[in-house]
Q: 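Pasting a structure here, questions to come.
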Number of protein chains: 2
Amino acid sequence: MSLRMALLTLLAGAPRSGYDIGQEFDGVLKFVWHAKPTQVYPELKRLAADRLIREQDEGSRGRRPYEITDEGMRVLRTWLLASDTDHSQRNETVLRSFALWVVPPQEAVAYLREEREYHRARLRGMRALKNGLNLRLAPDRAALLGVEAGIRRLEAMVSWADWAIETVSTWPTGMAGTGRPASGGTDRRGGNPGIRPR
Amino acid sequence: MSLRMALLTLLAGAPRSGYDIGQEFDGVLKFVWHAKPTQVYPELKRLAADRLIREQDEGSRGRRPYEITDEGMRVLRTWLLASDTDHSQRNETVLRSFALWVVPPQEAVAYLREEREYHRARLRGMRALKNGLNLRLAPDRAALLGVEAGIRRLEAMVSWADWAIETVSTWPTGMAGTGRPASGGTDRRGGNPGIRPR
DNA sequence: TGTCGCATGTAAACCGTTACATGATTTT
DNA sequence: AAAATCATGTAACGGTTTACATGCGACA
């Protein structure tokens, strides 16, 4: 459902073609929502069939820009104000960190350094994007909200990586592989806080 | 692919049943990776068929705990160290913020306040989880990395929401709905920085 | 004239959610 | 005895990715 809303959000700001939208998904939106062109084009057709957007005149090189309709604006507002936000998250960087105890600390540190570099580079990109906004325009004022969230989340990841590298460096080394409590027992009961099962 | 690795990560720490894993996906892992029970059970069967995990003796109430095999550990380590991390993100809270200019500022502020409360509540939960870890165990030391990332990201979201509420309060009010540059034109060319198309 | 970037799409495979279905054990 | 929680699953649907396919226009 949210891909539709992402497309309506972009088209509410200005008319765009599928290709333009693909660029956004590789730019600002990259840290917020992602979709590939093969998903975007059919969805635009569906939105047009539902009269939430309308195809404009064809441009050069077979360009097909769409604009939002009044009904599309109504649907977008309703989604914003009268539906629950889906807070489910997926972050592979952090997922991997849960598994880092199975490799030697030095390799874990190497992994964390790579991740830190990735997030630093993204942070630079986001800051550049922020400077390109024209805050006299309402859509850009809202985009600033999104970009600022991206910046703060990336800063959090970079500072986390710094901290994680230091933390992992203090881990006891050696035999991480099989150094877990004997896995033969069937049921480990009793006051078990933390992330261990029951 | 990453669901498999999430399951292997959990089973590397200790034997668990599908139900146990479901609890993790509702707990620590919620901010990092999410999967529903209906996805977990079949995937466990597939992992067992591929000999990356092994079914232990059946427990009470039809409980079926699995343990990781040596081959499973090998696959987990290879994934960690020899494959690229998928950095694609999806965050509906921030996606919605890109669209907030289409509603009156006071409604935008109400939305942001709700989001702030949600993230504050989650942050409290994460901090409690952090205190429940037993740092003498290697898997919990790695879990601390993940939990700390969750905490820092949630803190970033809460402080972002604070800032966003103040920012939106200064937005000019009135006619946000149709206050965008006339949408009739076909192609808006020329030096266009920011998030506008071409 | 060849290559690069613009621009749009289809089909199949894969991943994830929703709706449905069942039964055992513990608590009230 | 009823309700809540534990515990596992299947089938259909919908969303997402991967592989494939095509053609125009600008520039070297």
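Every chain is numbered from 1, with letters handed out A, B, ... down the list of sequences.
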Q: Taking all heavy atoms of B:Leu11 and all of B:Ile68, pick out the closest pair and write down the distance.
A: O-CG2, 3.8 Å

Q: Report all interatomic pairs (protein N or O, nucleotide N or O of nucleotides 14-16 of chain C) with separations under 3.5 Å.
A:
from: C:dG16; atom 1: OP1; to: A:Arg90; atom 2: NH1; distance (Å): 3.0
from: C:dG16; atom 1: OP2; to: B:Gln39; atom 2: NE2; distance (Å): 2.5
from: C:dG16; atom 1: O5'; to: B:Gln39; atom 2: NE2; distance (Å): 3.2

Q: Given atom CD of B:Gln23 and atom P of D:dT8, what is their separation to the nearest angstrom?
A: 10 Å

Q: Can you tell me how the ring of B:His119 sits relative to the ring of A:His87, calling it parallel under 30°, perpendicular over 60° and tilted otherwise?
A: perpendicular

Q: Quick one: A:Asp20 CG to C:dA7 P, roughly how many Å, whole number?
A: 7 Å

Q: Can you tell me the distance, in whole Å, between the NZ atom of B:Lys36 and the P atom of D:dC13?
A: 18 Å

Q: Nearest whole angstrom, please: distance from the C1' of C:dC6 to the CG of A:Asp26.
A: 14 Å

Q: For A:Lys45 and C:dG9, is the shortest distance between a side-chain N/O and OP1 or OP2 below 4.0 Å?
A: yes

Q: Between A:Arg4 and D:dG15, does any side-chain N or O lie under 4.0 Å from OP1 or OP2?
A: no

Q: Starting at atom CD of B:Glu58, determine the distance to atom P of D:dC6, rounded to an integer number of angstrom.
A: 18 Å

Q: Main chain of A:Leu145, side chain of B:Trp160: is a donor-acceptor contact present, judged purely on distance under 3.5 Å?
A: yes

Q: Checking B:Arg153 side chain against A:Arg153 main chain: does a donor-acceptor pair fall under 3.5 Å?
A: no

Q: Inspect the contact between B:Arg63 and B:Asp20 and indicate whether a charged nitrogen and a carboxylate oxygen are less than 4.0 angstrom apart.
A: yes

Q: Send over the distance from A:Tyr41 OH to D:dT17 P, rounded to a whole Å.
A: 16 Å

Q: Applying salt bridge (Lys or Arg N to Asp or Glu O under 4.0 Å) between A:Glu148 and each of A:Arg141, A:Lys130, A:Arg127, report the one that passes.
A: A:Lys130

Q: For nucleotides 22-28 of chain D, print each protein N/O atom paired with a nucleotide N/O atom at under 3.5 Å, atom names and distance only.
A:
from: D:dG25; atom 1: O4'; to: A:Arg61; atom 2: NE; distance (Å): 3.2

Q: Does a side-chain N or O of B:Tyr19 approach OP1 or OP2 of D:dT8 to a distance below 4.0 Å, or not?
A: no

Q: Find the distance A:Arg63:CZ to C:dG9:P and express it as a whole number of Å.
A: 13 Å

Q: Taking A:Arg152 first and then A:Glu155, would you say they form a salt bridge - that is, a charged N and a carboxylate O separated by under 4.0 Å?
A: no

Q: Do A:Thr38 and D:dT18 share a donor-acceptor pair, side chain to base, under 3.5 Å?
A: yes

Q: Rounded to the nearest 0.5 Å, what's the gap from CG on A:Leu144 to CH2 on B:Trp163? Could you check?
A: 4.0 Å

Q: Can you measure A:Phe25 atom CZ to D:dT17 atom C1' for me and round it to whole angstrom units?
A: 14 Å

Q: Find which nucleotide of DNA chain D each of A:Glu43 and B:Gly18 is nearest to by heavy atoms, and output the residue with the more 5' nucleotide.
A: B:Gly18

Q: If only side-chain N and O atoms count, and only distance matters, is there a donor-acceptor pair under 3.5 Å linking B:Arg54 with B:Thr69?
A: no

